[in-house]
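Every value quoted in this text rests on a predicted model; they were computed, and no experiment measured them. Atoms within each ligand, like the ligands themselves, are counted from 1 in listed order. What's counted below: heavy atoms across the whole structure, side chains too, no hydrogens, waters or symmetry copies.
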Amino acid sequence: MKPIEQRFPRPSVMGVVNVTPDSFSDGGVNFRAEDGVASALRMRAEGAAIVDVGGESTRPGSGAVSLEEELRRVIPVLERLAGHLPISIDTAKAEVARRALSLGAELVNDVTALRGDPELVDVVAESGAYLCLMHMRGEPRTMQANPQYDDVASEVAAFLEQRLAFAVEHGIAEERICLDPGIGFGKTVEHNFELIARLDVLLALGRPVLVGFSRKSSLGRLLGDPGATTGPLSASLAAAVAAYERGATILRAHDVKEHVEALAVAAAVTP
Ligand code: 7PJ
């Protein structure tokens, strides 16, 4: 087993395939299994290091999806992709992760950082999969209601340090884990940009950092639309490059080709 930063060297792009009717950015586009499969294969051809497949929308205000429905959404896609490209499973449910890992997924992306399903930590530990631990304040249904921090960077880092310790105590090798500030998950526009500006606080934990700023509403709001629910590609690319230059390793993005191209330039001018 390679350490995660060798398997996914800086910068690596993680493509996003939401097999959901309602995700904020690509809701419905990949809801049919064949569309999800085609998107994932296209992203791989465009240079994604890994593709993140998820069946539960975590956009602000969204509710939970049953286990049966989540399996019904993602398993047909994973079955068809098995062996064709590196897969990440975006889930908080142990059973979904178990099935995805048995179909060859190599990374578990859990936006609850192992707080959602008490069995998930053992599934990851026993499988030897890579793991992304993400910071979220609150839960998707309510997280954007007036989030407050005294010092967002150190509070997010303290949370992730604690979740990292929890994962390691339960048998997941530290070298398999990356950390994610959770852009948009219980944060204001200012919080989200401060987290990138001060990414060094997160990097000080010694783990590779994953950042997902692609299309998020804070980008549209920064550009002057207070009611924006998404952000444009141009702003997504700038955010990804900025995060990379501040030390991020994996950039999670919907527009894979453009992110791969922008990051290739950013990497070429890195001293
Ligand atoms: C993130 C995520 C993120 C990680 C979503 C979307 C919105 N997982 N899942 N990090 N955002 N690890 O599909 O872009 O920022 S849901």
Side-chain angles (χ1 to χ4, degrees), residues 4 8 12-31 36 39-40 43 48-65 70 73-74 87-92 96-97 105 107-116 120 124 129-137 139-141 143-144 156 159-160 163-164 177-187 191-193 195-196 199 202 207-220 228-233 235-236 239-240 243 248-256 259:
I4 190 166
F8 303 107
S12 284
V13 172
M14 169 186 274
V16 182
V17 172
N18 288 310
V19 191
T20 59
D22 61 337
S23 286
F24 81 102
S25 52
D26 65 346
V29 175
N30 292 312
F31 191 42
S39 291
M43 289 176 185
I50 189 164
V51 173
D52 189 38
V53 177
E56 178 176 33
S57 171
T58 44
R59 76 167 180 190
S62 63
V65 168
E70 201 176 324
R73 291 177 183 182
V74 298
I87 293 290
S88 159
I89 178 70
D90 183 347
T91 190
V96 175
L107 190 152
V108 174
N109 175 27
D110 176 16
V111 299
T112 76
L114 304 177
R115 296 172 301 159
L120 183 55
V124 177
Y130 297 111
L131 174 66
C132 178
L133 294 171
M134 194 195 82
H135 176 272
M136 168 163 48
R137 171 74 59 90
E139 54 181 275
R141 208 169 45 77
M143 65 191 176
Q144 289 310 103
V156 166
F159 170 88
L160 290 172
R163 299 317 296 163
L164 177 63
I177 302 173
C178 69
L179 305 177
D180 180 343
I183 298 301
F185 288 84
K187 286 129 193 153
H191 292 144
N192 289 322
F193 287 104
L195 283 164
I196 304 303
L199 208 62
L202 211 50
R207 300 307 312 145
V209 168
L210 184 154
V211 169
F213 223 137
S214 175
R215 295 188 186 174
K216 285 189 177 164
S217 63
S218 286
L219 299 169
T229 55
T230 65
L233 173 59
S236 302
T249 293
I250 303 175
L251 290 309
R252 186 177 180 278
H254 305 81
D255 304 283
V256 167
H259 278 77

> Can a donor-acceptor pair be found between the side chains of Asp110 and Thr112 at a distance below 3.5 Å?
Replying inline: yes
> Of all heavy-atom pairs between Gly231 and Ser236, which one has the smallest distance, and what is that distance?
Replying inline: O-OG, 4.2 Å
>> Under 4.0 Å, heavy-atom basis, I'd like to know which part of His254 is in contact with ligand 1: side chain, backbone, both or neither.
In response: side chain
> Just which atoms of ligand 1 are under 4.0 Å from any heavy atom in Gly212?
Replying inline: 15 (O)
> Heavy-atom contacts under 4.0 Å between Val211 and ligand 1: side chain, backbone, both, or neither?
Replying inline: neither
>> Distance under 4.0 Å to a non-hydrogen atom of Val16: what atoms of ligand 1 satisfy this?
In response: 13 (O)
>> I'd like to know if Arg252 and Asp90 make a salt bridge, using a cut-off of under 4.0 Å between side-chain N and carboxylate O.
In response: yes
>> Can you name the atoms of ligand 1, numbered from 1 with element, that are less than 4.0 Å from a heavy atom of Asn109?
In response: 4 (C), 8 (N), 12 (N)
>> At less than 4.0 angstrom from any non-hydrogen atom of Asp90, what atoms of ligand 1 do you find?
In response: 9 (N)
> Would you say Cys132 contacts ligand 1, with heavy atoms under 4.0 Å as the rule?
Replying inline: yes
>> If you apply the rule side chain to side chain contact (heavy atoms under 4.5 Å, CB included), what do you find for Val156 with Leu160, and how did you get there?
In response: CA-CA 6 Å; Val156 166; Leu160 290 172; 3.9 Å; yes
> Val53 and side chain to side chain contact (heavy atoms under 4.5 Å, CB included): which partner among Val16, Val74, Asn18?
Replying inline: Val74
> Is there a nitrogen or oxygen of Asp52 sitting under 3.5 Å from a nitrogen or oxygen of ligand 1?
Replying inline: no
>> Under a 4.0 Å threshold between the charged nitrogen and the carboxylate oxygen, would Arg215 count as salt-bridged to Asp255?
In response: yes
> Measuring from the heavy atoms of Phe185, does anything fall under 4.0 Å of ligand 1?
Replying inline: yes
> Arg163: what forms a salt bridge (Lys or Arg N to Asp or Glu O under 4.0 Å) with it, not counting sequence neighbours?
Replying inline: none
> For Ser214 and ligand 1, does the shortest N/O to N/O distance drop below 3.5 Å?
Replying inline: no
> Looking only at non-hydrogen atoms, which of Arg215, Lys216, Met136, Arg252 approaches atom 15 (O) of ligand 1 most closely?
Replying inline: Lys216
> Residues in side chain to side chain contact (heavy atoms under 4.5 Å, CB included) with Ser218, at least two apart?
Replying inline: Val189, Asn192, Phe193, Phe213
